[in-house]
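The residues of the chain are indexed from 1 along the displayed sequence.
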Amino acid sequence: MGENFSKLKSRALKIRLLKSVLAGVAVGLLCAGMLLLLSKFEVLAFTPILALAIGAAVILLMGTAVYFLLYTSDKTLAKRLDRQYRLNEKVQTMLAYKDKEGIIYELQREDADASLAAVPKKSISFKRLWIYILCFMIGAAVFTASFVLSPEETPPPVVPDEPFAITELQIAALEELIKHVETSEMASPYRENVAQSLYDLLDELKLATTESEKDASLSKAMDAIYEQTGLSSSALELMNALWSYDADSTKQLAKALNYYEWPTANASEKFSGNITDVRTELALVNSVTETQVLFIKVSSNITEALTKSKIEPTDPLCTVLTRLATANETKEDGTRVYGLSTLSALSETLGATDTQRELDATFTALNSELFGALSQHAENTGTGEYAMTRLSELFGCQLPKFERPQFYESSSGDSSGSSGSDEGGGGAIGGGAVYGSDDMVFDPYTNQYVEYGTILDKYYALMFGKLQDSDYTDEEKAAMEKYFDILYGGFDQEDEE
């Protein structure tokens with residue numbers, strides 16, 4: 001086969017490859033672009049990755065198909081050259097006898113190759129190449145448009161704002177709430193800040209004419225009161241810090257500080273019982289050495305927890321707990337207050353009995369101070385939360401989630417919950433009975449809002465008294481007792497079946 005024929009054949013192959021690539025890329029980009037556009041306009045559900053994968057597959061398939069469709073054999077090319085340049089079938093003859101040996105065949109091939117040398121290279125031209133280029137530009141344009149074009153966003157329907165006008169009853173209730181806060185024992189400046197937030201809210205609600213304006217004012221007031229309530233007390237952080245230690249005595253102290261579960265009527269009795277539990281835990285040792293280790297550990301835990309909680313050093317709660325941990329005080333009348341670390345150092349000299357006696361004296365001296373300090377924190381928290389709860393009731397706004405000690409969030413027996421004592425499982429507020437709700441409900445006997453469990457206890461006491469004094473049948477008594485059993489503990493599995 002002649003050298004010139006091979007060059008023309010190579011040129012034809014390059015043109016064929018170029019057309020195949022242009023056709024494949026054109027159709028692939030067009031397909032991917034259309035799929036992306038249809039997906040953007042939500043006509044079809046295609047992810048961009050899937051659309052691009054389909055486009056790549058189409059490029060490969062279309063390019064391969066066009067490559068084979070444009071295939072031209074050597075015989076067809078030779079016939080085309082002979083006909084177009086009137087070579088009297090020299091090229092076809094050369095191909096027909098390309099494997100023959102002999103002078104006459106050599107001469108014929110040389111003659112045909114010489115004739116092809118006179119054929120211009122452009123004889124194998126990019127015929128109709130513009131069609132492929134145009135298709136490529138269309139596909140590229142559609143593909144580019146798929147990234148540029150986006151459907152017009154339909155504006156959300158305009159919901160007409162409902163009118164709002166504060167009622168006289170709401171004004172009176174809000175003024176009463178302001179007075180309640182101002183006359184409360186919440187510490188300054190938090191009391192004044194909460195009251196000012198309520199004053200500002202009242203002024204804004206008097207001017208509000210739409211529900212959105214009302215909601216914005218309430219949200220701002222709620223955020224401000226919530227912040228002031230949190231700032232008014234670090235006791236919650238202190239409880240959680242104490243609970244994080246392994247010592248049972250430290251955990252018991254954390255539970256004793258939990259004023260969130262104090263009943264309204266006899267908070268001091270509840271506190272005294274909890275402190276007695278702490279004192280009992282500290283007495284559960286068998287030797288002086290164990291006493292020293294335990295006292296030092298609990299003292300260190302208290303000191304570290306005070307630091308972790310970031311409670312103010314001037315806070316009475318911080319002061320009294322620091323004394324419990326490290327005090328070494330001897331008063332003029334001879335009475336002493338020895339903290340746990342001091343008693344640990346003196347325990348070998350005092351002996352086990354006198355050490356516990358001194359610890360009793362320390363608890364006796366500090367109990368009232370500790371209760372008073374906690375009561376202030378309880379007042380701070382209770383006043384702020386009551387204000388938010390009352391606003392929620394008056395105006396139907398969402399009540400923020402009040403924080404509670406984390407060790408009461410898990411169920412009983414959990415590593416972060418109660419340790420299976422007689423106090424039972426958790427609940428949002430604390431140990432004791434688990435009620436169906438921690439919401440504040442109205443108590444008609446005191447004209448105040450109290451926790452659900454508090455009023456439930458009161459009604460149970462009334463019911464129990466009537467059962468003792470009235471002539472109810474055994475069936476009626478059993479029914480009422482069953483009713484309160486359900487309120488306290490819920491349905492058991494057998495009842496549900």
- Message: Please report the interatomic distance CE(M34) to CD1(I54), rounded to the nearest 0.5 Å.
- Response: 13.0 Å
- Among side-chain atoms of E192 and S188, is any donor-acceptor pair under 3.5 angstrom? yes
- Query: What distance separates I166 CD1 from L207 CG, expressed to the nearest 0.5 Å?
  - Reply: 10.5 Å
- Of all heavy-atom pairs linking C318 and E312, the shortest is CB-O, 3.4 Å
- Would you check, one step at a time, whether the test side chain to side chain contact (heavy atoms under 4.5 Å, CB included) holds for Q228 with L231? CA-CA 5 Å; Q228 291 300 312; L231 292 173; 4.1 Å; yes
- Message: Minimum heavy-atom separation for N258 and P405, please, with both atom names.
- Response: OD1-CG, 3.4 Å
- Ignoring hydrogens and angles, tell me if any N or O in the side chain of S39 forms a donor-acceptor pair with the backbone of L36 under 3.5 Å. no
- Note on the structure: One should read off an interatomic distance between E162 CD and T209 OG1, to the nearest 0.5 angstrom, of 13.0 Å
- Is there a side-chain contact between V66 and M62, using heavy atoms and a 4.5 Å cut-off? yes
- Is a side-chain donor or acceptor of S219 paired with a backbone partner of A216 at a separation under 3.5 angstrom? no
- Hey, are the side chains of L61 and V27 touching, using non-hydrogen atoms and a 4.5 Å cut-off? no
- Under 3.5 Å side-chain donor-acceptor pair for S233 and N380: no
- Query: Does some side-chain heavy atom of L149 sit less than 4.5 Å from a side-chain heavy atom of K40?
  - Reply: no
- Message: Once you measure the plane-to-plane angle for F402 and Y226, does it fall in the parallel (<30°), tilted (30-60°) or perpendicular (>60°) bin?
- Response: parallel
- Please assess D200 against Q196 for the test side chain to side chain donor-acceptor pair (under 3.5 Å), listing each intermediate value before the final yes or no. CA-CA 6 Å; D200 294 341; Q196 187 58 52; 2.9 Å; yes
- Are the side chain of T250 and the backbone N or O of D246 linked by a donor-acceptor pair below 3.5 Å? no
- Closest heavy-atom pair, M186 versus E379, reported as atoms and distance to 0.1 Å, is N-CG, 3.5 Å
- Message: Run the side chain to side chain donor-acceptor pair (under 3.5 Å) test on Y259 and T381 for me, step by step, so that the C-alpha distance in whole Å, both residues' side-chain angles and the decisive distance to 0.1 Å come before the verdict.
- Response: CA-CA 10 Å; Y259 55 78; T381 304; 2.9 Å; yes
- Validation row: L391, I225 side chains within 4.5 angstrom (heavy atoms): yes
- Message: Would you say that E237 contacts K310 through its side chain, given a criterion of any heavy-atom pair below 4.5 Å between the two side chains?
- Response: no
- Note on the structure: Scanning both residues in full, the closest heavy-atom pair of M222 with Q398 reads CE-O, 4.1 Å
- Report the distance from atom CG of L174 to atom CG of L205, rounding to the nearest 0.5 Å. 7.0 Å
Side chains of residues 135-147: which donor-acceptor pairs under 3.5 Å do they make with residues two or more places apart or in other chains?
{"unit_1": "T144", "atom_1": "OG1", "unit_2": "A140", "atom_2": "O", "d": "2.8"}
{"unit_1": "S146", "atom_1": "OG", "unit_2": "F143", "atom_2": "O", "d": "2.5"}

- Task: Check whether any side-chain heavy atom of L238 lies under 4.5 Å from a side-chain heavy atom of H377, and answer yes or no.
- Result: no
- Item | Side chain S234, main chain I311, donor-acceptor under 3.5 Å | no
- Query: Do D215 and F164 have side chains that get closer than 4.5 Å, going by heavy atoms?
  - Reply: no
- Indicate yes or no: at least one non-hydrogen side-chain atom of Y245 is less than 4.5 angstrom from one of V298. no
- Rounded to the nearest 0.5 Å, what separation is found between the CD1 atom of I302 and the CD atom of E304? 11.0 Å
- Message: Quick check: closest heavy atoms across A32 and G55, and the distance to 0.1 Å?
- Response: CB-CA, 3.9 Å
- Item | Under the side chain to side chain donor-acceptor pair (under 3.5 Å) test, residues paired with E182 that sit two or more places apart | Y199
- Just wondering, more than 12 heavy atoms not from E176 lying within 6.0 Å of its CD? no
- Task: Using distance alone, with no hydrogens and no angle criterion, decide if Y190 and T383 have a side-chain donor and acceptor under 3.5 Å apart.
- Result: no
- Which distance, rounded to the nearest 0.5 Å, do you find between the CG of L257 and the CG of N274? 9.0 Å
- Task: Determine which pairs satisfy salt bridge (charged side-chain N to carboxylate O under 4.0 Å, His left out) with at least one residue from residues 218-230, sequence neighbours left out, and list them in order.
- Result: E204-K220
- Query: How close do L35 and A51 get, heavy atom to heavy atom, and via which atoms?
  - Reply: CB-CB, 3.9 Å
- Message: Could you check whether atom CE of M388 has more than 12 heavy atoms from other residues, nucleotides or ligands sitting under 6.0 Å from it?
- Response: yes
